[in-house]
Amino acid sequence: MEERYDPQSVEPKWQAVWEQTRAFAVTEDPDKEKYYLLEMFPYPSGRIHIGHVRNYTIGDVVARYKRMCGYNVLHPMGWDAFGMPAENAAIDNNTHPAKWTYENIAAMRKQLKRMGFSYDWNRELATCDPEYYKWEQWLFIRMYEKGMVYRKESYVNWCETCSTVLANEQVEAGSCWRCGRAVQQKKLWGWFFKITDYAEDLLEYCDRLPGWPEKVLTMQKNWIGKSTGAQIAFPIYGTDESLSVFTTRPDTIYGATFMVLAPEHPLVKQLAAGTGQEEPVTEFVERMARESHTDRMTEDREKEGVFLGAWCINPVNNRQIPIYTANFALMEYGTGAVMSVPAHDQRDFEFAGKYGIEIIPVIKPEDISAGETARDQAYTGDGEMVNSGPFDGMHNRQAYEDLIAYFEKHGTGKRAVSYRLRDWGISRQRYWGAPVPMVHCPQCGIVPVDEKDLPVRLPEDIDLLEGGGSQLSAHEDFVNTECPKCKGPARRETDTMDTFVESSWYFERYCSPDYDRGMFDPTAVDYWMPVDQYIGGVEHAVMHLLYSRYFTRVLKDMGLVDFKEPFTRLLTQGMVCKETQHCADHGYLYPEEAEDRDESVYCKKCGNPVEIGRVEKMSKSKKNIIDPNQLVQYYGADTVRLFCLFASPPERDLEWSERGVEGGYRFLNRVWRLARTWMSRLENTRPYDGAPGEVDETARGLYIKTHQTIKRVTEDIEARFHFNTAISGAMELVNAMYGIDSQMAPDEADPQTAGVMRQALETVLLLLAPMVPHVTEEIWEALGHEAGSLANASWPAFREDALAAETKLIVVQVNGKLRGKFEIEAGADDETIKARALEDENAIRFIGDKPIKKVIAVKNKLVNIVV
RNA sequence: GCCUGGGUGGCGGAAUAGGUAGACGCAAGGGACUUAAAAUCCCUUGGGGCAUAGUCCCCGUACGAGUUCGAUUCUCGUCCCAGGCACCA
């Protein structure tokens, strides 16, 4: 053991050992209980950032901990390797996306290895590998055959900068989630997955995922957005046709005074034709089409519409009601038509007010005296029905049910459910993605590629410099093919798939990454899946996690897996944040561009004082980032890992602090120095593992502390992943060992004390091994253990009797306020401790001459005297 | 507006089947070692009070009530912060 702790020599040494011995490679072993720990795989951007480090450190601690507990732990890592940045970088640097991607992967793999994460690198995969996306294409065809995929022309979210389609989930506040540009609507043909078929099941299972954070489940539920109500047909006046609407409030139908169609609704132009309203309607519809989705959806958007010149008939009272088209109606939701009841819907109320449409209240508010009708807003609550013919006097909840029964009886409507969730549009007009494996044949129409011809490989000789959009459609060799059916000339589909498709099944591929007869080896998936613990950022709460749940259901319905939910437990770790530094002349500054002196911070460029901003998520634009590489070079991977774990519990945001990192480094040095000081005394000593009764005074405290710490750290990790308190516990144990150290020199220690010291030291190493694996392995070896054996050591167990055989501190309260305390042997009965408490001088002082009403005793804890 | 979380020292954060509030770390102050500094080690550190300086007293977990012998923890109300959703009929 070296005198000085030098992470730069210790860490690479153990990383080499783990690599050579393939320490973390696993295979299915039916005799061992499995544990599948997965962290969300990264996009290979070129270098890992501190968010990755935190995510993967948390995961690594759990993986190593479970491994020490005897589980067969699958802990894989790979690359979410398709996507736009590769194309942009390729254009910028005149390289190829594949080259750029694989170089980035190599660089990041090296960085991850330098962190000492316990991955089974044999299972590494990259989604841009044809051997990977081949099976994605295979599944696409299976889904197509089963009618789970379809093609349609639709308005899509279009990002001009990225020249691609975005899924609804990829639009954030009306802008592209990647580049921030305002999203436009564009009509385009594209491929869709029928995720809406599973809306109900996905929703239902939100209540059957106890291992998931409530927050994520709520977000998913909201995203699916289930509403129940009725679908009702309104005959169109003067025609044989009818207008179908979805409403959640069939009970308010007597108050319907107008109808609204989405501007894109096919009936809009048809109904307006020849009514004299044709011109204003066409003008309105065209203006709406020109407006971006963003503008139309902005908050507080003024409601606006045009009368179509047509009417429909309310089926319950034959009332003739006007039909409008308006900006607030969405074609994608329900039937694209709204039954408007201004008295009981705020939006309809505003519209009616603007256009002078009649407002008929049909529900009397429960909290307002009868007869009152003048209101400045819609009433959306419950109450007694009025103005509703035969339903008058009934409670609206009852009328709701009766009206649905009435519609069903007369065939004018039915109970209905509507979801906010839309089908998943997966077409992207980009090069760097998995090609959709379909062929357009002038004779046979759309034909899937033959399975034997998979994968449909991305052509490598491509010139990306020619403008944006998909270069695939310009690649003649790729596009021109023959029809799998009639063998005539045909054209290939040039859309590639959304990269979320790859990440919807990679966790299954990890189970058998080299399998070449299917997406995965069923026996391997059967053994490893589902993932026991999944860890990643909350930013994936909706998209990635919902798509993965959907995909798993698809695989189940195809008989490929026998479970519905891929992730049993989910942990969403918080973000890494740091204060910003801003110079009046030079803008935001990187940490190394500012200089700390005299308790203030100055800009290195101009020497002026720097303004310290609020603590925010680390981002390049704010320059409040720190480079994991530099930290590792300076402090070592163990210190960086330790700080990430210690600074805050995993689900909470972590505020980066250079001083905090130094604190972590100092602690590891403290452990090192203690081990080094005592090494010659301990290396030939056996750890003391005897009964507590035989431990004499000197070592007794440390002995008990050791066992208490094992219990505490185990519970902190096992029950709640609170590594910060686990580390606190280990620090306390080290402090206790320094207590012995300050009392005696190592060679003065009696055999028993030395044994207890060794036991304490080994405990510290075992408990910290999952968190700081390198330094602990080094000291473990110095103690005479086989090199590299700590990674496979058993998690320590505590002795119950070591915790039990103790005196307890009893707190004395008078009227609930702390007035004194005393020590007594553990388990002393209530009467004994009450008696002792009543003798307490200070307590007596507070009791004074007031009569004692009651004395409450809690065994081993406290006595409260009530006066 | 709706849905989730969350408000505890100078700072990051401990403590919830209700039972000593502030573990552990950072920062700060004092001391030891040193020619000196760094490193290290030890001590102090929520606020206030006192003729008694203590095994002392009062206040204190966003704010206001309530339940209880006892509330950071449970209930109700209010305020503030963060994240998500937001014309979804």
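A/Asp251 has its CG atom 13 Å from the C1' atom of B/rA89, to the nearest Å. One interatomic measurement links the two molecules: NZ of A/Lys226 to P of B/rA89, which rounds to 13 Å at whole-angstrom precision. Atom-to-atom, CD of A/Glu662 to C1' of B/rC26 comes out at 10 Å; the value is rounded to the nearest Å. Put simply, CG on A/Asp830 is 17 Å from P on B/rC69, counting in whole angstrom units. Separating the CG atom of A/Asp716 from the C1' atom of B/rC24 is a distance of 11 Å, rounded to the nearest angstrom. A straight line from CG of A/Asp345 to C1' of B/rC88 spans 11 Å, rounded to a whole angstrom. For the pair A/Lys221 NZ and B/rG83 P, the computed distance is 23 Å after rounding to whole Å. Nucleotide B/rC69 holds its P atom 18 Å from the CD1 atom of A/Ile847, rounded to whole Å.
For A/Glu732, the listed nucleotide lying nearest its side chain is B/rC24; candidates were B/rG13, B/rC24, B/rC88. Distance from the side chain of A/Ser227 is smallest for B/rA89 among the nucleotides B/rC24, B/rA89, B/rA27.
Here A/Arg415 pairs with A/Glu401 under the salt bridge (charged side-chain N to carboxylate O under 4.0 Å, His left out) rule; sequence neighbours left out. With sequence neighbours excluded, no residue forms a salt bridge (charged side-chain N to carboxylate O under 4.0 Å, His left out) with A/Asp653. In this structure A/Tyr635 satisfies the ring-ring contact (aromatic ring centres under 6.0 Å, His included) test together with A/Tyr665, sequence neighbours excluded. A/Lys859 is linked by a salt bridge (charged side-chain N to carboxylate O under 4.0 Å, His left out) to nothing, counting only residues two or more places apart in sequence or in another chain.
For residues 729-742 of chain A, the pairs satisfying side-chain hydrogen bond (donor to acceptor under 3.5 Å, both in side chains) are A/Arg670-A/Asn735, A/Trp678-A/Asp741, A/Lys705-A/Glu732, A/Arg712-A/Glu732, with sequence neighbours left out. Applying the salt bridge (Lys or Arg N to Asp or Glu O under 4.0 Å) test to pairs two or more places apart or on separate chains, those with a residue in residues 247-261 of chain A are A/Arg249-A/Asp251.
Atom P of B/rG13 sits at a distance of 33 Å from the matching atom of B/rG66, rounded to the whole Å. A gap of 23 Å separates the P atoms of B/rU52 and B/rU44, to the nearest Å. To the nearest whole angstrom, the two C1' atoms, one in B/rC63 and one in B/rG6, are 16 Å apart. If you take atom C1' in B/rG9 and the same atom in B/rG29, they sit 16 Å apart, rounded to whole Å. When the P atom is used for both B/rU16 and B/rC2, the distance is 33 Å, rounded to whole Å. Rounded to whole Å, the separation between the C1' atoms of B/rC74 and B/rG18 comes to 8 Å. Distance check on atom P: B/rG84 versus B/rG10 gives 31 Å, rounded to whole Å. Of the C1' atoms belonging to B/rA36 and B/rC24, the separation is 33 Å, rounded to the nearest Å.
Of all the residues in residues 851-867 of chain A, A/Lys854, A/Ile856, A/Val858, A/Lys861, A/Leu862, A/Asn864, A/Val866 reach under 4.0 Å from RNA chain B with at least one non-hydrogen atom. Using a 4.0 Å cut-off on heavy atoms, the residues of residues 718-726 of chain A that approach RNA chain B are A/Arg720, A/Asn724, A/Thr725, listed by number.
For B/rA86, one of the phosphate oxygens OP1 or OP2 lies less than 4.0 angstrom from a side-chain nitrogen or oxygen of A/Arg420.
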Between the protein and nucleotides 1-12 of chain B, list the N/O to N/O atom pairs that are separated by less than 3.5 angstrom.
unit_1 : atom_1 : unit_2   : atom_2 : d
B/rG12 : O2'    : A/Ala647 : O      : 2.6

Check nucleotides 57-61 of chain B against the protein and report each pair of N or O atoms closer than 3.5 Å, with its distance, or say if there are none.
unit_1 : atom_1 : unit_2   : atom_2 : d
B/rC57 : OP1    : A/Arg819 : NH1    : 3.3
B/rC57 : OP1    : A/Asn842 : ND2    : 3.2
B/rC58 : OP1    : A/Arg819 : NH2    : 3.3
B/rC58 : OP2    : A/Arg819 : NH1    : 3.2
B/rC59 : OP2    : A/Lys817 : NZ     : 3.1

List the protein contact pattern of nucleotides 37-54 of chain B with one symbol per nucleotide (5' to 3'): B for base contact, S for sugar-phosphate-only contact, - for none; contact means a heavy-atom distance under 4.0 Å.
---SS-------------

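Glycosidic torsion of B/rG25 falls outside 90° of 0, placing the base in anti.
Among the heavy atoms of the strands, none lies under 4.0 Å from A/Leu654. Within the nucleic acid shown, A/Pro213 has no heavy atom closer than 4.0 Å to any nucleic acid atom.
When both distances must be under 3.5 Å, the Watson-Crick or G-U wobble mate of B/rG5 is B/rC81. Across every strand in view, B/rA86 sits unpaired, with no contact that passes the Watson-Crick or G-U test at under 3.5 angstrom.
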Donor-acceptor list for residues 809-822 of chain A side chains, cut-off 3.5 Å, not counting sequence neighbours:
unit_1   : atom_1 : unit_2   : atom_2 : d
A/Asn815 : OD1    : A/Val867 : N      : 3.0

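For A/Tyr324 and A/Phe351, the gap between ring centers is short of 6.0 Å.
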In sequence, state the C-alpha distance, the side-chain angles, and the governing distance for A/Tyr333 and A/Ser227, and then conclude on side chain to side chain donor-acceptor pair (under 3.5 Å).
CA-CA 11 Å; A/Tyr333 185 76; A/Ser227 308; 3.2 Å; yes

Checking salt bridge (Lys or Arg N to Asp or Glu O under 4.0 Å) for the pair A/Lys354/A/Glu302: CA distance, chi angles, key distance, verdict?
CA-CA 10 Å; A/Lys354 182 168 174 184; A/Glu302 170 91 12; 3.1 Å; yes

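Between A/Gln813 and A/Tyr333, the residue anchored closer to the 5' end of RNA chain B is A/Gln813, taking for each the nucleotide with the nearest heavy atom. Taking for each of A/Met731 and A/Glu841 the nucleotide of RNA chain B with the nearest heavy atom, the 5'-most of the two is the partner of A/Met731.
Side-chain atoms of A/Asn842 and A/Arg845 form a donor-acceptor pair, as typed in the model, at a separation below 3.5 Å.
Judged by atom type and distance alone, A/Arg249 does not reach the base of B/rA89 through any side-chain donor-acceptor pair under 3.5 Å.
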